[in-house]
Amino acid sequence: VQLQASGGGLVQAGGSLRLSCAASGFAFSFYSMHWYRQAPGKQRELVATITGAGNTNYAGSVKGRFTISRDNAKGGLYLQMNRLKPEDTAVYYCNLLRSGTDYWGKGTQVTVSS
């Protein structure tokens with residue numbers, strides 16, 4: 001399993017970013033995929049989930065601002081983040097949970113300035 005997140009950066013509050021995660025080494029379309037984030041000094045938290053069929057779920061703090069999507073043909077997972085806030089600043093990770101094992105990609109830093 002390989003997961004590689006990209007697309008992070010520095011953005012002003014109110015701006016947008018689109019994160020991508022390239023997934024390989026497993027049957028991508030069969031599995032739910034997740035975006036997590038971890039801010040300095042805080043626990044890692046679940047941001048959004050998408051099933052293989054495209055059903056989605058979001059943390060309350062990002063609902064209405066973030067959109068998770070996937071391209072099963074390309075093995076791509078995405079997170080469109082709009083109306084960003086300083087409290088969205090964190091390292092963002094894509095995640096696969098398979099047979100009780102968590103797989104994590106190298107995260108991508110998102111910094112939102114006020």
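Every value quoted in this text rests on a predicted model; they were computed, and no experiment measured them.
Contact record, T49 with S32: CG2-CB, 4.4 Å, taken as the closest heavy-atom pair. Contact detail for L77 and H34: the closest heavy-atom pair is CD2-O, 3.9 Å. Minimum interatomic distance between A90 and A39 (heavy atoms only, all atoms of both residues): CB-N, 3.8 Å. Of all heavy-atom pairs between F28 and G75, the closest is CD2-CA, 3.7 Å. Of all heavy-atom pairs spanning Y78 and S20, the tightest one is CD2-OG, 3.5 Å. Annotation for T108 and G8: closest pair OG1-N, 3.0 Å, computed over non-hydrogen atoms.
When the side chains of ILVMFWY residues are joined at heavy-atom separations under 4.5 Å, either directly or via intervening members, V62 and V91 end up in two distinct hydrophobic clusters. Placement of F26 and Y103 within a single hydrophobic cluster is found when ILVMFWY residues are connected by side-chain heavy-atom separations under 4.5 Å, directly or transitively. Y93 and L17 fall into different hydrophobic clusters, where Ile, Leu, Val, Met, Phe, Trp and Tyr residues are linked whenever their side-chain heavy atoms come under 4.5 Å apart, directly or through other members.
Residues R44 and W104 are in side-chain contact: their nearest non-hydrogen atoms beyond the backbone lie under 4.5 Å apart. Counting heavy atoms from C-beta on, the side chains of Y36 and E45 never come closer than 4.5 Å. With contacts defined as side-chain heavy-atom distances shorter than 4.5 Å, the pair I50/N55 does not qualify. For the pair V11 and T111, the minimum side-chain heavy-atom distance is 4.5 Å or more. Residues R37 and D88 meet the side-chain proximity criterion, which asks for heavy atoms closer than 4.5 Å.
In this structure, CE on M33 lies 6.5 Å from CZ on R70, to the nearest 0.5 angstrom. R18 contributes atom CZ, which lies 9.5 Å from atom OG of S6 (distance to the nearest 0.5 angstrom). For the atom pair CG (L10) and CD (Q109), the distance works out to 9.5 Å, reported to the nearest 0.5 Å. The line from CD of Q12 to OG of S114 is 9.5 Å long, rounded to the nearest 0.5 Å. Note that CG of L3 is 7.5 Å distant from OG of S24, once rounded to the nearest 0.5 Å. Rounded to the nearest 0.5 Å, atoms CG (D102) and CG (L97) are 5.0 Å apart.
The environment of CD in Q2 is sparse: at most 12 heavy-atom neighbours from other residues, nucleotides or ligands sit within 6.0 Å.
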Side chain to side chain contact (heavy atoms under 4.5 Å, CB included) assessment of S16 paired with Q80:
CA-CA 7 Å; S16 299; Q80 177 66 44; 4.0 Å; yes

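Ring pair Y92/F66 is tilted by interplanar angle, where 30° to 60° counts as tilted.
Looking at Y58, its side chain does come within 3.5 Å of a backbone N or O of I68 through a donor-acceptor pair.
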